[in-house]
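Notes follow the structure.
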Amino acid sequence: MKLGFVSAILDGWTFEEMMDTAAEMGYRCVEVACWPQGQAERRYAGVSHINVETLDDEKARYILDYCAEKDVEISSLAFYPNTMDSDLARRSAAISHLRKVIEASHKLGVNMVTTLIGRDQNKTVEENLELVRQIWPPIIKHAENLGVKIAIENCPMLFGPDQWPGGQNLMTTPAVWRKLFEILPSPNLGINYDPSHFVWQMIDYIKPLYEFREKIFHVHFKDIKLYRERLDQVGVMAYPLDFMAPKLPGLGDVDWAQYVSALTDIGYDGYTCIEVEDRAFENSREKILDSLRLSKRYMEQFVI
């Protein structure tokens with residue numbers, strides 16, 4: 001396995017500064033944020049370290065040469081929008097940019113895109129499954145034609161009132177995964193597996209690794225801390241951020257030894273990227289850098 005991080009935490013860093021940081025800290029890869037330029041819709045969104053809109057052969061060669069010089073690989077191009085937004089203009093814009101990210105991933109020879117399946121948050125699961133049938137086959141076909149794999153993160157995108165009641169990502173549980181892989185039976189569609197999202201959903205985050213071992217294309221290392229005293233007051237029907245918080249690996253409730261052990265059981269030897277969303281480490285540039293140093297130090301117990 002190769003240890004890296006998700007570049008979105010380095011908002012405001014240039015591509016070169018971001019890659020220099022990865023190299024100086026000894027990271028082996030980076031999941032590179034590729035949002036539309038200057039369009040931050042939410043926390044950690046809108047970060048762009050590669051502009052896919054203007055990526056030509058010359059710029060692609062420069063990027064690849066810089067990666068080679070720093071000895072840091074690109075694990076994936078990352079863009080996490082809502083491709084099934086109820087607002088048709090936003091939906092269209094998200095799909096259009098996602099297609100460009102897929103094309104850029106092919107041009108760079110990365111051939112991996114990490115994203116979300118999306119969801120109309122005001123429709124039922126069943127209604128959203130029908131939306132998947134309408135929206136996603138052309139996206140998957142585009143990826144197949146270019147030899148690009150799409151790894152869907154299992155984040156519900158449900159944290160506060162703006163994403164209530166259903167959240168903005170349908171592909172969040174093993175039960176839904178099975179249905180979606182039946183609807184979209186493509187070898188190019190898989191999972192970007194993040195155990196933290198299963199913790200607060202009260203789902204076993206180890207068992208699905210074995211069932212879906214062939215579909216795990218990319219892995220996130222992010223922790224979640226449940227605050228039991230808060231959960232006792234508000235219950236699981238509350239806004240999730242009322243009873244939990246994202247933390248650096250080792251500072252929450254994920255059993256990382258057990259998780260990485262299961263990854264070795266299934267023979268996973270791909271990219272594993274630390275995703276920093278811990279508010280305790282966002283107050284300054286140095287705190288952000290500390291978060292990457294501390295996370296790497298902790299995870300190197302399990303992944304070098």
Side-chain angles (χ1 to χ4, degrees), residues 1-11 13 15 17-35 43-45 47-50 63 67 70-80 101 104-105 108-116 148-155 169 190-199 205 209 215-224 246-252 254 256 259-260 262-264 266 268-278 281-282 288-304:
M1 286 180 263
K2 298 177 182 179
L3 185 60
F5 65 84
V6 182
S7 79
I9 192 62
L10 299 185
D11 189 7
W13 271 254
F15 171 77
E17 289 171 335
M18 180 272 293
M19 292 298 292
D20 291 350
T21 299
E24 289 163 6
M25 291 188 183
Y27 279 102
R28 298 180 64 190
C29 63
V30 179
E31 179 184 343
V32 181
C34 295
W35 288 79
R43 187 168 167 239
Y44 306 117
V47 182
S48 183
H49 289 119
I50 294 177
I63 288 169
C67 290
K70 297 298 176 180
D71 195 25
V72 177
E73 297 179 48
I74 296 175
S75 70
S76 171
L77 298 191
F79 174 49
Y80 294 92
V101 174
S105 188
L108 290 166
V110 173
N111 295 323
M112 183 81 73
V113 169
T114 37
T115 190
L116 304 173
V148 175
K149 290 185 174 182
I150 296 178
I152 306 293
E153 187 178 352
N154 53 308
C155 176
N169 185 38
I191 299 163
N192 182 18
Y193 201 109
D194 185 329
S196 70
H197 301 302
F198 283 165
V199 171
Y205 54 86
L209 289 169
K215 284 293 191 178
I216 298 171
F217 292 172
H218 197 273
V219 166
H220 274 179
F221 289 159
K222 184 175 82 234
D223 221 330
I224 284 285
K247 301 296 292 182
L248 300 186
L251 300 184
V254 174
W256 290 101
Y259 179 62
V260 176
L263 288 173
T264 64
I266 66 172
Y268 183 81
D269 61 359
Y271 299 107
T272 59
C273 289
I274 292 162
E275 185 180 22
V276 177
E277 294 186 348
D278 191 329
F281 291 87
E282 294 181 351
I288 289 170
L289 293 173
D290 283 345
S291 74
L292 293 173
R293 295 187 188 103
L294 289 168
S295 296
K296 181 172 182 286
R297 184 185 306 166
Y298 182 83
M299 291 310 303
E300 280 182 328
Q301 297 177 90
F302 314 111
V303 178
I304 298 175

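Looking at heavy atoms from C-beta onward, Ile63 lies in side-chain contact with Phe15 at the 4.5 angstrom threshold. Two residues are said to be in side-chain contact when any heavy atoms from C-beta on lie closer than 4.5 Å; Ile216 and Ile266 meet this criterion. Between Pro195 and Trp256 the shortest side-chain heavy-atom distance falls below 4.5 Å. At a threshold of 4.5 Å between non-hydrogen side-chain atoms, the residues Ile274 and Met299 count as touching. Proximity of Phe5 to Leu10: side-chain heavy atoms (C-beta onward) are separated by under 4.5 Å at one or more points. The shortest side-chain heavy-atom distance between Val276 and Glu282 does not fall under the 4.5 Å cut-off. Residues Ile152 and Asn192 form no side-chain contact, since every pair of their non-hydrogen atoms from C-beta on lies 4.5 Å or further apart. Inter-residue side-chain proximity for Ile288 and Asp11 is flagged as unmet; no heavy-atom pair is nearer than 4.5 Å.
Interatomic distance, Leu116 CG to Asn154 CG, rounded to the nearest 0.5 Å: 10.0 Å. Atom CD1 in Ile74 sits 8.5 Å away from atom OG in Ser105 (nearest 0.5 Å). With rounding to the nearest 0.5 angstrom, the OH atom of Tyr80 is 10.5 Å from the SG atom of Cys34. Expressed to the nearest 0.5 Å, how far OH of Tyr27 lies from OG of Ser295 amounts to 5.5 Å. To the nearest 0.5 Å, atom NZ of residue Lys149 and atom NE2 of residue His218 are 12.0 Å apart. Atom CG of Leu209 and atom OH of Tyr193 lie 4.0 Å apart (nearest 0.5 Å).
Taking each heavy atom of Ala22 and Val30 in turn, the nearest pair found is CB-CG2, 3.6 Å. The minimum heavy-atom distance between Leu294 and Phe281, with the atom names listed, is CD1-CE2, 3.6 Å. Of all non-hydrogen atoms in Met112 and Val148, the two that sit nearest each other are N-CG1, 4.0 Å. Here the shortest heavy-atom pairing between Asp20 and Lys70 reads OD1-CE, 2.9 Å. Nearest approach of Ala33 to Ser7, heavy atoms of both residues: N-OG, 2.8 Å. Closest approach of Ser196 and Lys222 over heavy atoms only: CB-O, 3.1 Å.
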Worked verdict on His220 versus His197 for side chain to side chain contact (heavy atoms under 4.5 Å, CB included): CA-CA 11 Å; His220 274 179; His197 301 302; 6.0 Å; no
Audit row: Tyr205, Ile224, side chain to side chain contact (heavy atoms under 4.5 Å, CB included) steps and yes/no: CA-CA 12 Å; Tyr205 54 86; Ile224 284 285; over 6 Å; no
Could you go through Thr264 and Met1, starting from their C-alpha distance and side-chain angles, then the distance that decides it, and tell me whether this counts as side chain to side chain contact (heavy atoms under 4.5 Å, CB included)? CA-CA 9 Å; Thr264 64; Met1 286 180 263; 3.7 Å; yes
List the steps and the verdict of side chain to side chain contact (heavy atoms under 4.5 Å, CB included) for Leu292 and Ile9. CA-CA 9 Å; Leu292 293 173; Ile9 192 62; 4.3 Å; yes
Should Thr114 and Glu31 be marked as a side-chain hydrogen bond (donor to acceptor under 3.5 Å, both in side chains) after you check the CA-CA gap, both sets of side-chain angles, and the distance that decides it? CA-CA 8 Å; Thr114 37; Glu31 179 184 343; 2.7 Å; yes
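A ring-centre distance under 6.0 Å is not found for Phe221 and Tyr298.
Judged by distance alone, the side chain of Thr115 and the main-chain N or O of Phe79 form a donor-acceptor pair under 3.5 Å. Using modelled atom types, one side-chain atom of Asp223 and one backbone atom of Gly250 make a donor-acceptor pair closer than 3.5 Å.
We find that Glu73 and Arg28 are not joined by a salt bridge, their nearest charged nitrogen and carboxylate oxygen being 4.0 Å or further apart.
At most 12 heavy atoms of other shown residues, nucleotides or ligands fall within 6.0 angstrom of atom CG in Asp71. Counting heavy-atom neighbours within 6.0 Å of Arg293 CZ, excluding the residue itself, gives a total above 12.
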